[in-house]
Amino acid sequence: MKDSIAQIGRSRFTTRDLAFIGVISSLMFVSGFLLVWLGHTLVLGPGAFPGAPLLTQGPVYALLVVIAAAKVRKVGTIALVGTIVGILKLIVGAPIFVVIPFAIGMIAADIFVWLIRHDYCCRWCVLPAGGIMNTLPVPLLFGFLSLLGLPLTEVVKAHPWIAVGITAACLPLGILGSWLGFKMVAELKKAGVVE
Amino acid sequence: MRFAARLQSIFTTSRTSLIHRLDPRVKVFWFVTTTILAMALQNPLCLLILFLGTFTYSLLSKTVREHLAIFKFALFFSAVSFLLMLTATRDLAYLGELMGRIFARLLILTSAGILFALTTSPRDLVGMLENLRVPRLFTFPLTVAIRFVPTLIKELGEILDALRLRGVETGFRTLLHRPRPVYRGIFIPITIRSIAISDELAAAAETRGFGSPVRRTSLREERIRRTDYVFLLIVAFLSVALTLSDHIVRGGMW
């Protein structure tokens with residue numbers, strides 16, 4: 001199975017890559033299911049501050065995404081993982097205005113790696129990518145809520161400093177998750193699991 | 001592992017009922033309509049009627065037990081959050097007005113999603129996506145992700161059992177105080193197992209001709225039948241009625 005022959009249509013992803021992306025998406029979904037609730041409940045309360053779950057799920061997501069990217073080593077991996085996890089979240093009832101910013105954050109991380117012409121090869125592309133995918137969804141989420149005119153924005157308007165605090169806290173947490181993922185990939189390389 | 005078993009039940013649909021037999025496209029229509037209405041409706045009574053609608057769906061699909069189990073889980077976290085917010089703001093009227101609607105929406109959205117997942121098998125879902133000409137680049141990982149959830153939960157249980165056999169405490173509190181076993185004992189083994197399983201899965205898929213440029217055929221062709229049209233009409237009628245009632249109650253203008 002070292003060299004997978006079949007490729008999917010005109011995409012560069014092999015069957016092996018897609019299977020691994022599916023498995024990592026599943027891992028993210030299962031861990032996220034509990035972490036989102038923990039984030040909402042332990043941090044600030046559901047709906048009131050919608051970025052709160054990223055404080056708990058962000059580092060774990062960044063860790064898993066780095067493993068997926070290091071194994072597949074193709075630009076587009078994070079965007080694909082984000083889309084699959086987004087669809088899974090929608091299936092179990094996550095609001096669409098939460099899922100779209102989450103997926104956009106992951107697509108933006110991929111675009112960043114593509115722009116700097118890397119392929120998840122070193123910490124200089126992996127760490128900022130983790131930061132972007134965890135931070136960008138927060139302002140996007142608040143923007144979405146304002147755009148839709150949902151009542152949640154009243155709470156956000158009343159306590160804007162907490163929204164800024166959550167955004168600021170998401171960046172180091174995303175980078176921390178990526179760094180842990182990077183360390184884990186090094187161990188997996190030593191074990192011969194990742195090439 | 002009770003939580004894991006409940007999550008697993010969402011992805012192992014094997015029952016048959018009137019709702020299970022409906023075309024997945026019709027169920028997607030119900031799911032999307034409920035989601036839009038949950039966000040658009042403002043009147044608490046209309047939101048309650050919408051919630052009762054999801055409960056009727058649950059009754060018809062004979063998934064009340066699973067629905068209630070996950071619903072109780074959501075309700076528990078909502079109650080804890082409400083208490084936390086109450087201690088922070090000390091304004092019951094404000095919280096009741098604002099958070100009541102937010103909780104109602106969240107519970108409807110969660111119910112609709114879970115009921116859709118409980119009544120639609122992953123095979124039907126992927127079949128529907130393929131019928132809608134969604135590229136395999138998305139359908140294959142999605143199928144793997146849905147199918148892998150029960151496997152992952154089983155693998156996780158086995159890893160935790162292995163840790164316990166070695167005398168490592170695996171309780172939530174212990175894992176929070178001593179995170180090293182989580183990393184060494186859980187994260188690394190589950191990643192290595194995931195890589196092994198995905199490699200086996202890819203090999204199996206390739207031997208069955210996956211990735212060939214020819215369009216796949218299916219033994220069971222999906223067709224919209226009379227019951228699907230009836231369900232579609234009922235959902236459309238109720239949605240219009242609820243939207244109108246919400247506007248009338250609010251004194252809205254057209």
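All values below were derived from every heavy atom in this structure, side-chain atoms included, with hydrogens, water molecules and symmetry-related copies excluded.
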* To do: Tell me whether the guanidinium CZ or amine NZ of Lys89(A) lies under 6.0 angstrom from the six-membered ring centre of Phe29(A) and within 45° of its axis.
  => no

* **Heavy-atom proximity to chain A below 4.5 Å, by part of Phe116(B)** => side chain

* **Steps toward side-chain hydrogen bond (donor to acceptor under 3.5 Å, both in side chains) verdict (Thr14(A), Asp17(A))** => CA-CA 5 Å; Thr14(A) 62; Asp17(A) 296 337; 3.2 Å; yes

* Structure fact -> Exactly one candidate in Thr83(A), Val81(A), Ile87(A) meets side chain to side chain contact (heavy atoms under 4.5 Å, CB included) with Val85(A); the answer is Val81(A)

Contacts table for residues 132-140 of chain A: side-chain donor-acceptor under 3.5 angstrom, sequence neighbours left out:
residue	atom	partner	partner atom	Å
Asn134(A)	ND2	Cys170(A)	O	2.9
Thr135(A)	OG1	Gly131(A)	O	2.5
Thr135(A)	OG1	Leu171(A)	N	3.4

* Asked: Which atoms of Ile188(B) come close to chain A, meaning under 4.5 Å heavy atom to heavy atom: side chain ones, backbone ones, both, or neither?
  -> both

* Asked: Between Val144(B), Ile197(B), Thr34(B), which shows the greatest number of heavy-atom pairs under 4.5 Å with chain A?
  -> Val144(B)

* To do: Select one option (side chain, backbone, both, neither) describing which atoms of Thr35(B) are under 4.5 Å from chain A's heavy atoms.
  => neither

* **Option that, when pairs with chain A are counted at under 4.5 Å, heavy atom only, ranks first among Leu201(B), Thr191(B), Ile108(B)** => Thr191(B)

* What part of Val60(A) lies closer than 4.5 angstrom to a heavy atom of chain B: side chain, backbone, both or neither? -> side chain

* Structure fact -> If one checks every heavy atom of Ile84(A) against chain B at 4.5 Å, the contacting part turns out to be both

* Verdict with reasoning, Lys71(A) to Arg16(A), per side-chain contact (heavy atoms from CB on, under 4.5 Å) -> CA-CA 10 Å; Lys71(A) 173 88 170 60; Arg16(A) 200 175 167 210; 4.0 Å; yes

* What residue, out of Ile24(A), Leu188(A), Leu27(A), has the most heavy-atom pairs lying under 4.5 Å from chain B? -> Leu27(A)

* What do the steps show when you test Phe13(A) against Thr77(A) for side-chain contact (heavy atoms from CB on, under 4.5 Å), and what is the final call? -> CA-CA 9 Å; Phe13(A) 290 101; Thr77(A) 308; 3.8 Å; yes

